[in-house]
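Working notes for the structure below.
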Amino acid sequence: MAADGVVDVTILGAGPSGLAAAYYSGHRDATVRIIESLEQLGGQVAAVYPEKHVFDVAGYPKILAQELVDLCAEQGLQYGAEVHLGEEVQTLERVNQNGEELLAVTTNAGGPYFSRAMIITAGHGAFEPRKLGVEGIDEWEGRGLHYFVREKEVFRDSRCVIVGGGDSALDWTLGLQDTAAHPIALVHRRDRFRALESSVNEAKQLEEKGGVRIMTPCEVREVHGDGKIEAVTIENTGTEETEQVDCDALITLLGFHSHLGAIAEWGLELEGKRQIRIDPMTCETNLPGVFAAGDVAGYPGKITLITIGMAEAAIAANNAVAQIRGEKVQPKYSTD
Ligand SMILES: Cc1cc2nc3c(=O)[nH]c(=O)nc-3n(C[C@H](O)[C@H](O)[C@H](O)COP(=O)(O)OP(=O)(O)OC[C@H]3O[C@@H](n4cnc5c(N)ncnc54)[C@H](O)[C@@H]3O)c2cc1C
């Protein structure tokens, strides 16, 4: 990054398309800043299906989704991109600085961040974890309420209540067995889990050994504590009986929802309701210097797949860099 904080390319969203755009921009010697609303890299792949296998990415007959995005991150960040996690973009303005026209972006956490071009790789929009319908739930964030498990050690000897019925809830009920205190309470509002049958069966076996306590059909009704979570009230919605369960860590794994948010207010032409219209030849939007790639980018016949997003990222990055430098777009091989 230059001393004045201006980079060549701002990339909005660190999913596979954003990480590919970072690689191709860096490969063309462009400086890059990535802004991502989640606290982690990898987009949908890491947030929604990290434990599943992906079979259709060129060169990988079968690869674990998390491993794929870890490799994308290694490749994309090798040129030293500046990464801002946990920041959702808000405003976009065009400013003049030292005779140069720049794009200025602000986020809910900071900015303005200046760049010469922008590539929007925002997928379906900023991801937010789905929250429990308990009044005042936000107040417990950072005080025992978790939406992700990043480091198992954080939960060492903690009394954990995990809420959810999908793969993540089951995976972490099993994955924290060697870390958290036993039993780990697994709370789901239905009797049937959506997770892999083998994981559900393993949890049931662990219940017999005291490692897990499966609570269904149950919902968390209240959170208690003084400064940090100490217990939760859980209602069995079948019998309407309630129980207070001691708890240091309430881990809610209820999936994510997404919204284009402020990006939709920037004057970008949309393709349908959720995509930004691009010219597929260049991946540029109707706003000069603003490109888009991946799931967020739309044109007739668009297919939303990782491979397509990566290809669009290559087109967007090469065109953005050529435009900044006033050059013709030409491929540059990476072979060394
Ligand atoms: C269950 C499931 C299975 C799938 N399986 C396959 C498969 O087998 N093969 C395949 O090719 N595809 C698959 N897909 C689709 C694939 O995951 C997407 O095509 C791919 O993730 C798109 O990548 P992306 O980088 O464009 O967007 P995303 O992965 O959605 O990443 C976008 C990122 O931008 C961030 N962002 C958005 N808005 C903002 C903002 N305002 N400020 C800051 N950050 C923002 C988001 O938080 C997110 O991290 C699957 C999808 C799902 C849901």
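First listed ligand is number 1; within each ligand, the first listed atom is number 1.
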Enumerated ligand 1 atoms positioned under 4.0 Å from heavy atoms of Thr121: 32 (C), 33 (C), 34 (O)
Region of Ile306 engaging ligand 1 - heavy atom pairs below 4.0 Å: both
Atom 42 (N) of ligand 1: nearest protein contact (heavy atom, Å): Val89 N, 3.2 Å
Residue-ligand contact Gly309/ligand 1, heavy atom below 4.0 Å: no
Any pair counted as ring pair (Phe, Tyr, Trp, His ring centres under 6.0 Å), so long as it reaches residues 26-54, sequence neighbours left out: Tyr23-His27
Any donor-acceptor pair under 3.5 Å from Ser17 side chain to Ala313 backbone: no
Per-atom contacts of ligand 1 with Thr304, taking only distances under 4.0 Å to non-hydrogen atoms: 19 (O)
Polar atom proximity, Asp56 to ligand 1 (N or O, under 3.5 Å): yes
Identity and separation of the nearest protein heavy atom to atom 38 (N) of ligand 1: Ala126 N, 2.9 Å
For atom 44 (N) of ligand 1, closest protein heavy-atom neighbour: Ser37 N, 3.0 Å
Residue part near ligand 1, for Glu87, under 4.0 Å between non-hydrogen atoms: backbone
For ligand 1, the portion of Ile263 having any non-hydrogen atom under 4.0 Å away: side chain
Distance-minimising heavy-atom pair for Gly267 and Leu287: O-CD2, 3.9 Å
Per-atom contacts, ligand 1 versus Ile35 - under 4.0 Å to a heavy atom: 43 (C), 44 (N)
Any N/O pair Gly42/ligand 1 closer than 3.5 Å: no
Main-chain N/O of His124 paired with Asp295 side-chain donor or acceptor, under 3.5 Å: no
Atom of Pro280, atom of Ile278 and distance for their closest heavy-atom approach: CD-O, 3.3 Å
Distance filter under 4.0 Å to Gly125 heavy atoms, resulting ligand 1 atoms: 36 (N), 37 (C), 38 (N), 46 (C)
Protein contact to atom 27 (O) of ligand 1 [nearest heavy atom, distance to 0.1 Å]: Gly123 CA, 3.3 Å
Closest approach of any protein heavy atom to atom 10 (C) of ligand 1, naming residue and atom: Leu305 CD2, 3.5 Å
Atom 53 (C) of ligand 1 - nearest protein heavy atom and its distance: Gln44 OE1, 3.7 Å
Rounded distance (nearest 0.5 Å) linking atom OG of Ser334 with atom CD of Gln75: 8.5 Å
Sub-4.0 Å atoms of ligand 1 with respect to non-hydrogen atoms of Gly43: 29 (O), 31 (O), 48 (C), 49 (O)
Val48 N/O under 3.5 Å from ligand 1 N/O: no
Check: Ser17 N/O within less than 3.5 Å of ligand 1 N/O: yes
Derivation of the side chain to side chain contact (heavy atoms under 4.5 Å, CB included) call for Tyr113 and Leu103: CA-CA 8 Å; Tyr113 299 119; Leu103 298 166; over 6 Å; no
Subset of ligand 1 atoms that lie under 4.0 Å from at least one heavy atom of Gly294: 26 (O)
Backbone of Gly175 reached by a side-chain donor or acceptor of Lys152 within 3.5 Å: yes
From the candidates Tyr49, Phe55, Phe256, the one that places a heavy atom nearest atom 17 (O) of ligand 1: Tyr49
Side chain to side chain donor-acceptor pair (under 3.5 Å) assessment of Thr233 paired with Thr242: CA-CA 7 Å; Thr233 297; Thr242 59; over 6 Å; no
Spacing of CG belonging to Asn96 relative to CZ belonging to Arg94, to within rounding of 0.5 Å: 10.5 Å
Shortest non-hydrogen contact from Ala293 toward Ala316: CB-CB, 4.5 Å
Proximal ligand 1 atoms for Val45, defined as those under 4.0 Å from one of its heavy atoms: 17 (O), 21 (O)
Nearest non-hydrogen protein atom, atom 34 (O) of ligand 1: Gly13 CA, 3.1 Å
Protein heavy-atom partner closest to atom 18 (C) of ligand 1 - residue, atom, separation in Å: Asp295 OD2, 3.3 Å
Proximity flag Gly261 to ligand 1, non-hydrogen atoms under 4.0 Å: no
Derivation of the side chain to side chain contact (heavy atoms under 4.5 Å, CB included) call for Trp140 and Leu250: CA-CA 9 Å; Trp140 298 103; Leu250 174 61; over 6 Å; no
Polar atom proximity, Glu36 to ligand 1 (N or O, under 3.5 Å): yes
Smallest separation among heavy atoms of Leu254 and Lys131, with atom names: CD1-C, 4.2 Å
Between Phe256 and Phe148, ring centroids under 6.0 Å: yes
Arg143 (side chain) donor-acceptor with Glu139 (main chain) under 3.5 angstrom: yes
